[in-house]
Amino acid sequence: MTGTARLGRCGVVVLTGLLGAWLGASTARAEDANKADLEALKKSLAKYEDYQAAIRDLYLSTEGCVYYSGEKIPGTMDYPKGAMGIHFVNVPSVGKKLDPMKPNVLIYEPTKEGLKLVGVEWLVPLTPDVKEAPTLFGQKFMGPMEGHYPLIPKEFVHYDLHAWLFSDNPNGMFSPTNPKVKCNKAEFPMLEKPTKMMPGPM
């Protein structure tokens, strides 16, 4: 009985090791696949480094540059300090089937040299058909939340996911804000000064 028990424990250890190795390999494969998909997405969006190309493809600017101070405000999403930049929204795509290769929003940073493409965002409106937060590239969307008033109507309750494909982000690729992106001391081609927006209730 003792020998059988020892063999059983040994078998469990071996099985646990094999299972752990398999799970680790599966996770690595998933991460590699996500990385490859993100690289393909970045390459496909490179043309939008020219914001006029984005406008031609119906990505329309909300004009204001979104920045969060990092202060926790009751009733709002908890965003780390940083900017979300200027949103160019492809309105016809919002509410359609989630497409990892076509983000609903392009994010630009206003600079003295013009608009710089820094990231993208996917939006999923909260509807009776949406039972839980969507996921993309292994990431869970934030929300549900109200629209970022005054640039987006508060009534637009949605989930969203950001990806800083064109700018390093100390908070991580999928953080909602980027402390390296700035809204100040910039010249937006269509405005004399970019508009800073503090979060309203969500």
inquiry  = Please enumerate all residues that pass ring-ring contact (aromatic ring centres under 6.0 Å, His included) together with H87, with sequence neighbours excluded.
reply    = none
key: Heavy-atom side-chain contact between D50 and R56 under 4.5 Å   = yes
query = Backbone N or O of D99 within a donor-acceptor pair of the W122 side chain at under 3.5 Å?
reply = yes
request  = Compare every heavy atom of G64 with every heavy atom of L151, then report the nearest pair and how far apart it is.
outcome  = CD1-O, 3.7 Å
inquiry  = When you compare the side chain of L117 with that of I107, does any pair of heavy atoms fall below 4.5 Å?
reply    = no
message = Less than 4.5 Å apart, side chain to side chain, heavy atoms only: is that true for I86 and L115?
response = yes
request  = With sequence neighbours left out, write down each residue that passes side-chain contact (heavy atoms from CB on, under 4.5 Å) with K96, or none if nothing qualifies.
outcome  = none
Could you go through residues 126-142 and list every donor-acceptor pair under 3.5 Å that involves a side-chain atom there, pairing it with any protein atom two or more places apart or in another chain?
from, atom 1, to, atom 2, distance (Å)
T127, OG1, D129, N, 3.4
K131, NZ, P128, O, 2.8

key: Check: K81 and S69 side chains under 4.5 Å, non-hydrogen atoms   = no
inquiry  = How long is the straight-line distance from CG of L165 back to NZ of K42, given to the nearest 0.5 Å?
reply    = 7.0 Å
key: Check against side-chain contact (heavy atoms from CB on, under 4.5 Å), I152 and H158   = CA-CA 11 Å; I152 301 174; H158 65 283; 5.7 Å; no
query = Which pairs, with at least one residue in residues 161-184 and sequence neighbours excluded, count as a ring pair (Phe, Tyr, Trp, His ring centres under 6.0 Å)?
reply = none
inquiry  = Any non-hydrogen side-chain atom of V118 less than 4.5 Å from a side-chain atom of N178?
reply    = no
task = Determine yes or no for a side-chain-to-main-chain donor-acceptor pair under 3.5 angstrom, with E109 supplying the side chain and K182 the backbone.
result = yes
Considering all heavy atoms, the nearest E121-P103 contact = O-CB, 3.5 Å
query = If you measure from CD on E63 to CZ on F88, what distance do you get to the nearest 0.5 Å?
reply = 8.5 Å
ask   = Could you give the distance from OG1 (T62) to NE2 (H148), rounded to the nearest 0.5 Å?
value = 10.0 Å
inquiry  = Using the ring-ring contact (aromatic ring centres under 6.0 Å, His included) criterion, which residues pair with Y48? Sequence neighbours excluded.
reply    = Y59
task = List in chain and number order the residues that pass salt bridge (Lys or Arg N to Asp or Glu O under 4.0 Å) with D57, two or more places apart in sequence or in another chain; answer none if no residue qualifies.
result = K47
ask   = About how many Å separate CG of L58 and OG of S93, when rounded to the nearest 0.5 Å?
value = 9.5 Å
query = So how far is it from L38 CG to M173 CE, rounded to the nearest 0.5 Å?
reply = 5.5 Å
ask   = Do L45 and L41 touch side chain to side chain, with heavy atoms closer than 4.5 Å?
value = yes
inquiry  = Checking N171 now: which residues fulfil side-chain contact (heavy atoms from CB on, under 4.5 Å) with it, not counting sequence neighbours?
reply    = P80, N169, S175, T177, P179
request  = Go through the steps to decide whether V105 and L123 satisfy the test side-chain contact (heavy atoms from CB on, under 4.5 Å), and finish with yes or no.
outcome  = CA-CA 8 Å; V105 180; L123 300 171; 3.7 Å; yes
task = Would you please test N184 and Y67 for side-chain contact (heavy atoms from CB on, under 4.5 Å) and show each step?
result = CA-CA 10 Å; N184 59 340; Y67 174 84; over 6 Å; no
ask   = Who passes side-chain contact (heavy atoms from CB on, under 4.5 Å) against E155, sequence neighbours left out?
value = P153
request  = State, with a plain yes or no, whether a side-chain heavy atom of L60 is found less than 4.5 Å away from one of V91.
outcome  = no
query = Once you round to the nearest 0.5 Å, how far does OH of Y108 lie from SG of C65?
reply = 13.5 Å
request  = Report yes if some heavy atom in the side chain of P170 is under 4.5 Å from a heavy atom in the side chain of K180; otherwise report no.
outcome  = yes
